[in-house]
Protein chains: 2
Amino acid sequence: MTEITADNAARQPFMPLMRELVRSYQAFTAYDAKGLKPFGLTVPQADVIFTLGNTEGITFKEIGELTLTTKGTLTGIVDRLEARGLVRRVQENDDRRRTRVCLTAKGDKLFRGVFPRHIRYLKQRFDRLGRKEREQAEQSLRKLRDIFD
Amino acid sequence: MTEITADNAARQPFMPLMRELVRSYQAFTAYDAKGLKPFGLTVPQADVIFTLGNTEGITFKEIGELTLTTKGTLTGIVDRLEARGLVRRVQENDDRRRTRVCLTAKGDKLFRGVFPRHIRYLKQRFDRLGRKEREQAEQSLRKLRDIFD
DNA sequence: TATTGTTATACTCTATAACTATA
DNA sequence: TATAGTTATAGAGTATAACAATA
């Protein structure tokens, strides 16, 4: 058990794993963002649109839980989507504190046009992994997530 | 080979892997940012400070390559670190287009104080993985990165 | 001409905390 | 009192492209 100093810290056995996690996410998200850009969507915006797709609308709270976005941030994202006419806010009647966010017709049209195309775009890369590799990666990432949750 | 539509897209076999990649990174980076906050460092700022540690200074170009940050963004990050007296810019003599960024004495002190502590903080969590799991995760993430590079 | 880094623009996202209205 | 969402504050990071200095 040697002490951790500034000089030897970088040699901790988990450092390569941490680096790979960060760099692989950066590489993925850059590719993801690039594919969404032509549709005028940022990654967090697309996350919301894709979450709302094929639903009757979801409350802010639920969207926040699904996308790991805090409520203040989500208000801004939804504001921008609403300004573009892609979603609308609907007050719930049974509990008037709640607001459901729904895709508009225009938003649904975008969802149906963009989502499958974007999935194909991502699939091009993910398909370079074999089934076994994919399952292995999925399992490893799940463990990694558990560590930090 | 069925067509990908908005309705079945979410059932593509790579979707769980993608979700795990994003969520595990989000969980990690939230923990990471929380540990850096008391030192007044953001994640990208710490990335730069840690990259500069134990070096004689590195050029913008190299830092950008190591941290995957574009030059315009890096200028801003370095500006903020310089304003706090943690780094300084040094013009290179052999090629005067290049600027090396170095830790100041204050920056080095911060590096030596924060880096080992932060590594221990991260290690607490990463050590919950066994050696085998860690190596497996590292290997999977490397493959994942290759796909998007 | 090509490269290094800066500047300008214009946003988007972020955390945080106080606030409003409902329950 | 607690919860859902908004607002206010104050950055920080981002992409992009034009730019200056140097090679």
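Every chain is numbered from 1, with letters handed out A, B, ... down the list of sequences.
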Within this structure, what is the [atom1]-to-[atom2] distance between [X] and [N], rounded to whole angstrom?
X: A/Glu65; N: D/dT3; atom1: CD; atom2: C1'; value: 12 Å
X: A/Leu36; N: D/dA15; atom1: CG; atom2: C1'; value: 15 Å
X: A/Phe60; N: D/dT7; atom1: CZ; atom2: P; value: 10 Å
X: A/Arg98; N: D/dT6; atom1: CZ; atom2: P; value: 14 Å
X: A/Leu41; N: C/dC11; atom1: CG; atom2: C1'; value: 15 Å
X: B/Ile63; N: C/dG5; atom1: CD1; atom2: P; value: 9 Å
X: B/Asp79; N: D/dG13; atom1: CG; atom2: P; value: 11 Å
X: B/Asp32; N: C/dT14; atom1: CG; atom2: P; value: 16 Å

Would you say [X] places a side-chain N or O within less than 4.0 Å of OP1 or OP2 belonging to [N]?
X: A/Thr75; N: D/dG5; answer: no
X: A/Arg80; N: C/dC13; answer: yes
X: B/Gln91; N: D/dT22; answer: no
X: A/Thr42; N: C/dC13; answer: yes
X: A/Arg89; N: D/dT6; answer: yes

Please work out if A/Lys61 contacts a base, only the sugar-phosphate, or nothing of the nucleic acid, heavy-atom cut-off 4.0 Å.
sugar-phosphate
Within the 4.0 Å heavy-atom criterion, would you say B/Leu74 contacts the bases, only the backbone, or no part of the nucleic acid?
nothing
Quick one: CD1 on A/Ile147 to CZ on B/Arg134, what's the gap to the nearest 0.5 Å?
10.5 Å
5' priority, DNA chain D, between A/Asp95 and B/Gly76 [closest heavy atom]:
A/Asp95
Taking the nucleotide of DNA chain D with the nearest heavy atom to each, does B/Gly72 or A/Arg100 sit closer to the 5' end?
A/Arg100
Is any NZ, NE, NH1 or NH2 atom of the basic residue among A/Lys61 and A/Glu65 found under 4.0 Å from an Asp or Glu carboxylate oxygen of the other?
yes
Any donor-acceptor pair under 3.5 Å linking the side-chain atoms of B/Asn54 with those of B/Arg112?
yes
Residues A/Arg23 and A/Gln26: side-chain donor-acceptor under 3.5 angstrom:
yes
Which nucleotide, D/dA15, C/dG5, C/dT16, lies nearest any side-chain atom of B/Lys37?
C/dT16
For D/dT22, does the base pair up with any side-chain atom of B/Arg96 as donor and acceptor (N or O, under 3.5 Å, distance only)?
no
Do the side chain of B/Arg97 and the base of C/dT3 come within less than 3.5 angstrom through a donor-acceptor pair of N or O atoms?
yes
More than 12 heavy atoms of other residues, nucleotides or ligands under 6.0 Å from CZ of A/Arg19: is that the case?
no
